[in-house]
Q: 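Quick one: structure below, then a few questions.
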Amino acid sequence: MLTSQFSPLEGIYKNGVLWGCKNIFNYKQVEYIKITGSGDTTLDYCVVIVNLIFAAVVALIVILTDKKQRTFKDLHWLTVVVVRYYVAMIMLSYGISKLHNGQFPANSIDRLEEKIGDMSPMGMIWTMMGASTGYTFVSGLLEVIGGLLLFFRRTKTFGALFSMTIMINVALLNFFYDVPVKIFCSHIVLSCIFIISGDAKALYRFFILHQPSQLRFHPRNSDKKWKRNTLTALKSFVLCFLILTSSPGLFYKSPPLPLEGTYTVEKFIINNRELPHSKNDSIGWKKLLISYPGWTDIILNNDSVKTFDAMINTKEKTVVLRKPEWDNIHANLHYSLQEDYTFFTGKIGYDSVRIKTKRKKKEDYRLNKRGFHWINDYPFNK
(Lines give C-alpha, C1' and ligand atoms only; values in the text may rest on other atoms or scores of the structure.)
Protein backbone atom coordinates (compact mmCIF):
# COMPACT_ATOMS: atom_id res chain seq x y z
CA MET A 1 0.00 0.00 0.00
CA LEU A 2 2.96 2.33 0.63
CA THR A 3 3.81 2.40 -3.08
CA SER A 4 0.26 3.02 -4.28
CA GLN A 5 -0.39 6.10 -6.37
CA PHE A 6 -2.88 7.09 -3.64
CA SER A 7 -0.30 6.94 -0.84
CA PRO A 8 1.38 10.17 0.32
CA LEU A 9 4.41 8.05 1.30
CA GLU A 10 4.98 6.73 -2.22
CA GLY A 11 7.86 9.09 -2.98
CA ILE A 12 9.64 8.50 0.33
CA TYR A 13 9.36 4.72 0.04
CA LYS A 14 10.50 4.57 -3.57
CA ASN A 15 13.43 6.87 -2.88
CA GLY A 16 14.45 4.54 -0.07
CA VAL A 17 14.34 1.51 -2.37
CA LEU A 18 16.25 3.48 -5.00
CA TRP A 19 18.99 4.30 -2.48
CA GLY A 20 19.22 0.65 -1.47
CA CYS A 21 19.47 -0.53 -5.08
CA LYS A 22 22.30 1.87 -5.87
CA ASN A 23 24.28 1.81 -2.62
CA ILE A 24 23.69 -1.69 -1.23
CA PHE A 25 23.17 -3.82 -4.32
CA ASN A 26 25.25 -1.58 -6.61
CA TYR A 27 22.50 -1.58 -9.25
CA LYS A 28 23.19 1.76 -10.94
CA GLN A 29 20.82 1.43 -13.91
CA VAL A 30 17.64 1.95 -11.90
CA GLU A 31 16.11 5.45 -11.81
CA TYR A 32 13.07 7.05 -10.19
CA ILE A 33 11.04 8.33 -13.14
CA LYS A 34 8.17 10.31 -11.61
CA ILE A 35 6.25 11.45 -14.69
CA THR A 36 6.20 8.35 -16.85
CA GLY A 37 2.64 7.02 -17.11
CA SER A 38 4.05 3.54 -16.56
CA GLY A 39 3.69 1.36 -13.49
CA ASP A 40 6.15 -1.22 -14.79
CA THR A 41 9.41 0.68 -14.49
CA THR A 42 12.62 -0.97 -13.33
CA LEU A 43 12.22 0.68 -9.93
CA ASP A 44 8.67 -0.69 -9.61
CA TYR A 45 9.96 -4.24 -10.03
CA CYS A 46 12.65 -3.54 -7.43
CA VAL A 47 9.94 -2.29 -5.08
CA VAL A 48 8.00 -5.53 -5.55
CA ILE A 49 11.08 -7.58 -4.60
CA VAL A 50 11.71 -5.41 -1.52
CA ASN A 51 8.05 -5.73 -0.52
CA LEU A 52 8.21 -9.52 -0.78
CA ILE A 53 11.34 -9.64 1.38
CA PHE A 54 9.85 -7.25 3.92
CA ALA A 55 6.58 -9.23 4.10
CA ALA A 56 8.45 -12.52 4.53
CA VAL A 57 10.53 -11.12 7.41
CA VAL A 58 7.47 -9.70 9.20
CA ALA A 59 5.54 -12.95 8.71
CA LEU A 60 8.44 -14.97 10.12
CA ILE A 61 8.68 -12.72 13.19
CA VAL A 62 4.94 -13.03 13.86
CA ILE A 63 5.01 -16.83 13.46
CA LEU A 64 7.98 -17.23 15.83
CA THR A 65 6.72 -14.86 18.52
CA ASP A 66 2.99 -15.48 18.42
CA LYS A 67 2.62 -19.00 19.80
CA LYS A 68 -1.15 -18.80 20.31
CA GLN A 69 -1.70 -17.00 16.99
CA ARG A 70 -3.69 -14.21 18.62
CA THR A 71 -1.60 -11.50 17.00
CA PHE A 72 -1.69 -13.40 13.73
CA LYS A 73 -5.49 -13.53 13.73
CA ASP A 74 -5.78 -9.84 14.60
CA LEU A 75 -3.27 -8.88 11.91
CA HIS A 76 -5.02 -11.07 9.36
CA TRP A 77 -8.39 -9.49 10.15
CA LEU A 78 -6.93 -5.98 9.95
CA THR A 79 -5.10 -6.76 6.71
CA VAL A 80 -8.27 -8.10 5.09
CA VAL A 81 -10.12 -4.91 6.04
CA VAL A 82 -7.35 -2.65 4.69
CA VAL A 83 -7.00 -4.65 1.46
CA ARG A 84 -10.78 -4.74 1.02
CA TYR A 85 -11.09 -0.96 1.31
CA TYR A 86 -8.06 -0.41 -0.90
CA VAL A 87 -9.40 -2.62 -3.71
CA ALA A 88 -12.83 -0.99 -3.33
CA MET A 89 -11.23 2.44 -3.70
CA ILE A 90 -9.38 1.34 -6.85
CA MET A 91 -12.50 -0.20 -8.39
CA LEU A 92 -14.55 2.91 -7.66
CA SER A 93 -12.00 5.40 -8.98
CA TYR A 94 -11.31 3.53 -12.21
CA GLY A 95 -14.96 2.57 -12.66
CA ILE A 96 -16.25 6.12 -12.29
CA SER A 97 -13.59 7.39 -14.71
CA LYS A 98 -15.07 5.06 -17.34
CA LEU A 99 -18.57 6.44 -16.87
CA HIS A 100 -17.48 9.58 -18.73
CA ASN A 101 -14.62 10.50 -21.07
CA GLY A 102 -12.05 10.04 -18.33
CA GLN A 103 -9.89 6.99 -18.82
CA PHE A 104 -11.00 6.22 -22.38
CA PRO A 105 -12.07 9.41 -24.18
CA ALA A 106 -13.66 9.33 -27.60
CA ASN A 107 -11.10 8.91 -30.37
CA SER A 108 -9.54 12.14 -31.52
CA ILE A 109 -9.10 13.16 -35.13
CA ASP A 110 -5.41 12.26 -35.20
CA ARG A 111 -6.21 8.83 -33.73
CA LEU A 112 -8.90 8.25 -36.38
CA GLU A 113 -6.42 9.22 -39.08
CA GLU A 114 -3.72 6.87 -37.77
CA LYS A 115 -3.21 3.61 -39.64
CA ILE A 116 -3.97 0.48 -37.65
CA GLY A 117 -0.61 -1.03 -38.58
CA ASP A 118 1.19 2.00 -37.12
CA MET A 119 -0.59 1.81 -33.75
CA SER A 120 0.99 0.37 -30.66
CA PRO A 121 -0.88 -2.52 -29.00
CA MET A 122 -1.75 -0.15 -26.15
CA GLY A 123 -3.02 2.40 -28.68
CA MET A 124 -5.24 -0.30 -30.16
CA ILE A 125 -6.88 -0.90 -26.77
CA TRP A 126 -7.50 2.82 -26.25
CA THR A 127 -8.95 3.08 -29.77
CA MET A 128 -11.24 0.10 -29.22
CA MET A 129 -12.52 1.44 -25.89
CA GLY A 130 -12.88 4.98 -27.23
CA ALA A 131 -14.92 3.73 -30.18
CA SER A 132 -17.78 2.52 -27.97
CA THR A 133 -19.04 4.71 -25.15
CA GLY A 134 -21.63 2.03 -24.32
CA TYR A 135 -19.08 -0.73 -23.74
CA THR A 136 -16.82 1.60 -21.78
CA PHE A 137 -19.76 2.78 -19.63
CA VAL A 138 -20.86 -0.77 -18.79
CA SER A 139 -17.26 -1.75 -17.98
CA GLY A 140 -17.04 1.16 -15.57
CA LEU A 141 -20.44 0.39 -14.05
CA LEU A 142 -19.37 -3.20 -13.30
CA GLU A 143 -16.19 -1.94 -11.63
CA VAL A 144 -18.24 0.47 -9.50
CA ILE A 145 -20.56 -2.37 -8.44
CA GLY A 146 -17.58 -4.53 -7.50
CA GLY A 147 -16.12 -1.70 -5.44
CA LEU A 148 -19.39 -1.00 -3.60
CA LEU A 149 -19.84 -4.67 -2.72
CA LEU A 150 -16.39 -4.73 -1.12
CA PHE A 151 -17.29 -1.96 1.31
CA PHE A 152 -19.65 -4.19 3.27
CA ARG A 153 -18.77 -7.28 5.31
CA ARG A 154 -21.85 -9.23 4.25
CA THR A 155 -21.03 -8.82 0.54
CA LYS A 156 -17.21 -8.74 0.68
CA THR A 157 -16.74 -12.31 -0.63
CA PHE A 158 -19.16 -11.81 -3.50
CA GLY A 159 -17.58 -8.42 -4.16
CA ALA A 160 -14.10 -9.95 -4.26
CA LEU A 161 -15.24 -12.69 -6.67
CA PHE A 162 -17.04 -10.11 -8.79
CA SER A 163 -14.07 -7.72 -8.84
CA MET A 164 -11.57 -10.51 -9.47
CA THR A 165 -13.49 -11.65 -12.55
CA ILE A 166 -13.47 -8.13 -13.95
CA MET A 167 -9.81 -7.52 -13.12
CA ILE A 168 -8.63 -10.79 -14.65
CA ASN A 169 -9.96 -9.55 -17.98
CA VAL A 170 -8.24 -6.19 -17.41
CA ALA A 171 -5.00 -7.97 -16.51
CA LEU A 172 -5.13 -10.09 -19.67
CA LEU A 173 -5.56 -6.98 -21.81
CA ASN A 174 -2.67 -5.29 -20.02
CA PHE A 175 -0.38 -8.29 -20.43
CA PHE A 176 -1.13 -9.20 -24.02
CA TYR A 177 -1.45 -5.63 -25.32
CA ASP A 178 1.63 -4.43 -23.44
CA VAL A 179 -0.16 -1.85 -21.30
CA PRO A 180 2.39 -0.83 -18.63
CA VAL A 181 0.25 -1.42 -15.54
CA LYS A 182 0.87 -5.17 -15.31
CA ILE A 183 2.20 -5.05 -11.74
CA PHE A 184 -0.70 -2.93 -10.53
CA CYS A 185 -3.53 -5.00 -12.05
CA SER A 186 -1.84 -8.24 -10.92
CA HIS A 187 -1.79 -6.91 -7.37
CA ILE A 188 -5.51 -6.13 -7.54
CA VAL A 189 -6.29 -9.68 -8.73
CA LEU A 190 -4.08 -11.18 -5.99
CA SER A 191 -5.70 -8.89 -3.42
CA CYS A 192 -9.13 -10.22 -4.42
CA ILE A 193 -7.84 -13.78 -4.05
CA PHE A 194 -6.49 -12.88 -0.60
CA ILE A 195 -9.89 -11.55 0.48
CA ILE A 196 -11.58 -14.73 -0.79
CA SER A 197 -9.01 -17.07 0.78
CA GLY A 198 -10.67 -16.92 4.20
CA ASP A 199 -13.80 -18.48 2.70
CA ALA A 200 -12.00 -20.93 0.40
CA LYS A 201 -13.28 -24.04 2.19
CA ALA A 202 -16.89 -22.85 2.18
CA LEU A 203 -16.68 -21.94 -1.51
CA TYR A 204 -15.10 -25.28 -2.35
CA ARG A 205 -17.84 -27.19 -0.55
CA PHE A 206 -20.58 -25.16 -2.23
CA PHE A 207 -19.27 -24.91 -5.82
CA ILE A 208 -17.32 -28.20 -6.15
CA LEU A 209 -18.84 -30.65 -3.67
CA HIS A 210 -22.36 -29.17 -3.90
CA GLN A 211 -22.70 -29.36 -0.14
CA PRO A 212 -24.40 -26.85 2.17
CA SER A 213 -21.89 -24.29 3.44
CA GLN A 214 -21.84 -20.92 5.11
CA LEU A 215 -19.49 -18.01 4.65
CA ARG A 216 -17.78 -16.61 7.70
CA PHE A 217 -19.19 -13.38 9.07
CA HIS A 218 -17.42 -11.24 11.66
CA PRO A 219 -19.94 -9.10 13.58
CA ARG A 220 -18.76 -5.89 15.14
CA ASN A 221 -17.36 -6.43 18.59
CA SER A 222 -18.34 -2.97 19.83
CA ASP A 223 -20.70 -3.44 22.75
CA LYS A 224 -21.65 0.23 22.98
CA LYS A 225 -24.12 1.86 20.63
CA TRP A 226 -22.10 5.07 20.25
CA LYS A 227 -19.10 3.09 19.02
CA ARG A 228 -21.18 1.29 16.41
CA ASN A 229 -22.74 4.57 15.28
CA THR A 230 -19.31 6.22 15.08
CA LEU A 231 -17.96 3.39 12.91
CA THR A 232 -21.02 3.58 10.66
CA ALA A 233 -20.65 7.35 10.29
CA LEU A 234 -16.93 7.03 9.58
CA LYS A 235 -17.56 4.38 6.94
CA SER A 236 -20.27 6.49 5.32
CA PHE A 237 -17.92 9.47 5.26
CA VAL A 238 -15.14 7.44 3.60
CA LEU A 239 -17.54 6.03 0.99
CA CYS A 240 -19.04 9.44 0.18
CA PHE A 241 -15.59 11.02 0.04
CA LEU A 242 -14.32 8.43 -2.45
CA ILE A 243 -17.37 8.78 -4.66
CA LEU A 244 -17.36 12.59 -4.63
CA THR A 245 -13.61 12.89 -5.28
CA SER A 246 -13.81 10.41 -8.16
CA SER A 247 -16.88 11.79 -9.88
CA PRO A 248 -16.33 15.49 -10.78
CA GLY A 249 -15.75 14.49 -14.40
CA LEU A 250 -19.23 12.98 -14.61
CA PHE A 251 -20.71 16.47 -14.81
CA TYR A 252 -18.03 18.03 -17.01
CA LYS A 253 -18.58 18.45 -20.71
CA SER A 254 -15.69 19.74 -22.75
CA PRO A 255 -16.54 22.75 -24.93
CA PRO A 256 -16.75 22.17 -28.68
CA LEU A 257 -13.47 22.54 -30.55
CA PRO A 258 -13.70 25.10 -33.38
CA LEU A 259 -13.00 23.65 -36.82
CA GLU A 260 -12.31 20.17 -35.40
CA GLY A 261 -11.74 17.73 -38.22
CA THR A 262 -9.46 16.43 -40.94
CA TYR A 263 -8.91 18.80 -43.85
CA THR A 264 -7.75 16.95 -46.94
CA VAL A 265 -5.99 19.31 -49.32
CA GLU A 266 -7.25 19.21 -52.90
CA LYS A 267 -5.39 22.30 -54.15
CA PHE A 268 -2.33 23.99 -52.70
CA ILE A 269 -1.43 27.20 -54.51
CA ILE A 270 1.68 29.05 -53.32
CA ASN A 271 2.69 32.38 -54.92
CA ASN A 272 0.07 31.77 -57.65
CA ARG A 273 1.66 28.41 -58.52
CA GLU A 274 -0.20 25.18 -57.81
CA LEU A 275 1.93 22.48 -56.24
CA PRO A 276 1.12 18.96 -57.46
CA HIS A 277 0.88 16.15 -54.93
CA SER A 278 4.27 14.49 -54.88
CA LYS A 279 6.00 12.22 -52.40
CA ASN A 280 9.16 14.28 -52.91
CA ASP A 281 7.49 17.57 -52.00
CA SER A 282 8.22 18.88 -48.49
CA ILE A 283 6.37 22.20 -48.89
CA GLY A 284 2.81 21.42 -49.94
CA TRP A 285 0.22 20.31 -47.45
CA LYS A 286 -1.51 16.96 -47.69
CA LYS A 287 -3.75 17.21 -44.63
CA LEU A 288 -4.51 19.60 -41.80
CA LEU A 289 -5.58 17.90 -38.55
CA ILE A 290 -7.34 19.90 -35.84
CA SER A 291 -7.73 17.51 -32.90
CA TYR A 292 -7.08 19.36 -29.65
CA PRO A 293 -7.46 22.92 -28.37
CA GLY A 294 -4.34 24.99 -28.91
CA TRP A 295 -2.45 22.92 -31.43
CA THR A 296 -2.72 21.25 -34.81
CA ASP A 297 -0.81 18.87 -37.08
CA ILE A 298 0.16 19.48 -40.70
CA ILE A 299 0.88 16.42 -42.84
CA LEU A 300 3.06 17.39 -45.80
CA ASN A 301 3.02 15.75 -49.21
CA ASN A 302 6.03 13.63 -48.26
CA ASP A 303 4.01 12.34 -45.24
CA SER A 304 6.19 14.11 -42.68
CA VAL A 305 4.23 15.65 -39.79
CA LYS A 306 4.72 19.11 -38.31
CA THR A 307 3.03 20.21 -35.09
CA PHE A 308 2.07 23.83 -34.45
CA ASP A 309 0.47 25.89 -31.73
CA ALA A 310 -2.85 27.02 -33.18
CA MET A 311 -4.93 30.10 -32.41
CA ILE A 312 -8.38 29.89 -33.99
CA ASN A 313 -10.62 32.96 -34.00
CA THR A 314 -14.12 32.03 -35.14
CA LYS A 315 -15.36 35.63 -35.18
CA GLU A 316 -12.67 36.89 -37.51
CA LYS A 317 -12.35 33.44 -39.14
CA THR A 318 -8.58 33.27 -38.81
CA VAL A 319 -6.09 30.53 -38.01
CA VAL A 320 -2.63 31.47 -36.73
CA LEU A 321 0.05 28.77 -36.54
CA ARG A 322 3.30 29.00 -34.56
CA LYS A 323 6.08 26.56 -33.92
CA PRO A 324 6.13 25.81 -30.16
CA GLU A 325 9.80 26.81 -29.91
CA TRP A 326 9.51 29.88 -32.14
CA ASP A 327 8.20 33.37 -31.42
CA ASN A 328 7.43 34.31 -35.02
CA ILE A 329 4.25 33.29 -36.85
CA HIS A 330 4.57 30.36 -39.26
CA ALA A 331 1.19 30.87 -40.97
CA ASN A 332 -1.53 33.49 -40.79
CA LEU A 333 -4.62 32.25 -42.61
CA HIS A 334 -8.21 33.30 -43.16
CA TYR A 335 -10.78 30.56 -43.74
CA SER A 336 -14.11 30.51 -45.52
CA LEU A 337 -16.74 27.81 -45.95
CA GLN A 338 -18.30 27.04 -49.33
CA GLU A 339 -20.63 24.04 -49.52
CA ASP A 340 -18.51 20.96 -48.65
CA TYR A 341 -15.18 22.77 -48.90
CA THR A 342 -13.08 24.94 -46.62
CA PHE A 343 -10.73 27.49 -48.21
CA PHE A 344 -7.66 28.90 -46.46
CA THR A 345 -5.97 32.04 -47.79
CA GLY A 346 -3.15 34.10 -46.38
CA LYS A 347 0.58 33.79 -45.69
CA ILE A 348 2.92 30.93 -44.84
CA GLY A 349 6.10 32.71 -43.93
CA TYR A 350 6.61 35.25 -46.71
CA ASP A 351 4.66 33.23 -49.29
CA SER A 352 1.05 33.84 -50.21
CA VAL A 353 -1.11 30.71 -50.29
CA ARG A 354 -4.57 29.56 -51.31
CA ILE A 355 -5.60 26.14 -50.08
CA LYS A 356 -8.74 24.23 -50.99
CA THR A 357 -9.64 21.48 -48.52
CA LYS A 358 -12.47 19.06 -47.84
CA ARG A 359 -13.39 18.64 -44.18
CA LYS A 360 -14.06 15.30 -42.54
CA LYS A 361 -15.69 15.40 -39.11
CA LYS A 362 -15.57 12.71 -36.42
CA GLU A 363 -19.02 11.46 -37.29
CA ASP A 364 -17.96 10.97 -40.92
CA TYR A 365 -15.54 8.15 -40.06
CA ARG A 366 -16.84 4.64 -40.56
CA LEU A 367 -15.76 3.63 -37.06
CA ASN A 368 -18.07 6.27 -35.59
CA LYS A 369 -21.01 6.31 -37.97
CA ARG A 370 -21.63 2.56 -38.28
CA GLY A 371 -23.57 2.39 -35.00
CA PHE A 372 -25.54 -0.54 -33.60
CA HIS A 373 -27.76 -2.90 -35.60
CA TRP A 374 -30.03 -5.60 -34.17
CA ILE A 375 -30.23 -7.32 -37.54
CA ASN A 376 -27.21 -8.03 -39.74
CA ASP A 377 -27.92 -10.31 -42.67
CA TYR A 378 -24.24 -10.10 -43.53
CA PRO A 379 -21.32 -9.13 -41.28
CA PHE A 380 -20.05 -5.62 -41.87
CA ASN A 381 -16.36 -6.39 -41.40
CA LYS A 382 -14.37 -3.80 -43.33
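For the single chain, residues carry numbers from 1 onward in sequence order.
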Q: Find out if a path of hydrophobic residues (ILVMFWY) with successive side-chain heavy-atom gaps under 4.5 Å connects L149 to L239.
A: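 Same cluster.
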Q: Evaluate the ring-ring contact (aromatic ring centres under 6.0 Å, His included) criterion for residues Y335 and F343: first the C-alpha distance (whole Å), next the side-chain angles of each, then the deciding distance (0.1 Å), finally the verdict.
A: CA-CA 5 Å; Y335 68 89; F343 292 85; over 10 Å; no
Q: Is it true that, when you exclude Y45 itself, more than 12 heavy atoms of the residues, nucleotides or ligands shown sit nearer than 6.0 Å to its OH?
A: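 Yes, OH of Y45 has more than 12 neighbouring heavy atoms, counting only those of other groups under 6.0 Å.
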Q: Just to verify, which of D351, I270, N301 counts as forming a side-chain contact (heavy atoms from CB on, under 4.5 Å) with I283?
A: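 For I283, the side-chain contact (heavy atoms from CB on, under 4.5 Å) test succeeds with only one of D351, I270, N301, which is I270.
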Q: Check the angle between the aromatic planes of Y94 and F184 and answer parallel, tilted or perpendicular using the 30° and 60° thresholds.
A: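 Taking F184 first and then Y94, their aromatic rings sit tilted (interplane angle of 30° to 60°).
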Q: Less than 3.5 Å apart, any donor N or O on the side chain of T342 or Y263 sitting next to an acceptor on the other?
A: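 No, because no side-chain N or O of T342 sits under 3.5 Å from a partner of the opposite role on Y263.
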Q: Is there side-chain contact between Y27 and T42, with at least one heavy-atom pair below 4.5 Å?
A: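 The answer is yes, as the side chains (C-beta and beyond) meet within the 4.5 Å cut-off.
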Q: Do I290 and L257 come close enough that some side-chain heavy atom pair is under 4.5 Å?
A: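 Side-chain contact under 4.5 Å: yes.
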Q: Near Y177 OH, under 6.0 Å, is it more than 12 heavy atoms from other residues, nucleotides or ligands?
A: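 Count not over threshold, so no.
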Q: Under 4.5 Å between any side-chain heavy atoms of R84 and S191, yes or no?
A: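 Side chain of R84 against side chain of S191, heavy atoms only: no contact under 4.5 Å found.
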Q: Ring centres under 6.0 Å, that's the criterion: do H187 and F194 meet it?
A: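 Not close enough - the centres of the two rings lie 6.0 Å or further apart.
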Q: Using a 6.0 Å distance limit plus a 45 degree cone around the ring axis, check whether K323 lies over the aromatic ring of F308.
A: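 Pair K323/F308 counts as cation-pi.
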Q: Atom OH of residue position Y204 - does it have more than 12 heavy atoms of other residues, nucleotides or ligands inside 6.0 Å?
A: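 Result for OH/Y204: open.
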Q: Please test Y350 against N271 for side chain to side chain donor-acceptor pair (under 3.5 Å), starting from the C-alpha separation and ending with a verdict.
A: CA-CA 10 Å; Y350 296 102; N271 297 328; over 6 Å; no
Q: Can you confirm whether more than 12 heavy atoms, excluding those of E363, are under 6.0 Å from its CD atom?
A: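 Correct, the count exceeds 12.
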Q: Answer whether the closest heavy-atom distance between the side chains of F137 and K98 falls below 4.5 Å.
A: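 Not touching, per the 4.5 Å side-chain cut-off.
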Q: Side chains of F206 and I208, heavy atoms from C-beta outward: is any pair under 4.5 Å?
A: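 No - every pair of side-chain heavy atoms lies 4.5 Å or more apart.
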Q: Give a yes or no on this: more than 12 heavy atoms of other residues, nucleotides or ligands lie within 6.0 Å of atom CZ of R354.
A: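 For R354, atom CZ is not crowded (no more than 12 foreign heavy atoms under 6.0 Å).
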Q: Do K360 and Y365 meet the cation-pi criteria used here (NZ or CZ under 6.0 Å from the six-membered ring centre, within 45° of the axis)?
A: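 So K360 does make the cation-pi contact.
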Q: Could you tell me whether the side chain of I269 reaches within less than 4.5 Å of the side chain of R273, counting heavy atoms only?
A: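 The answer is no, as the side chains (C-beta and beyond) never meet within the 4.5 Å cut-off.
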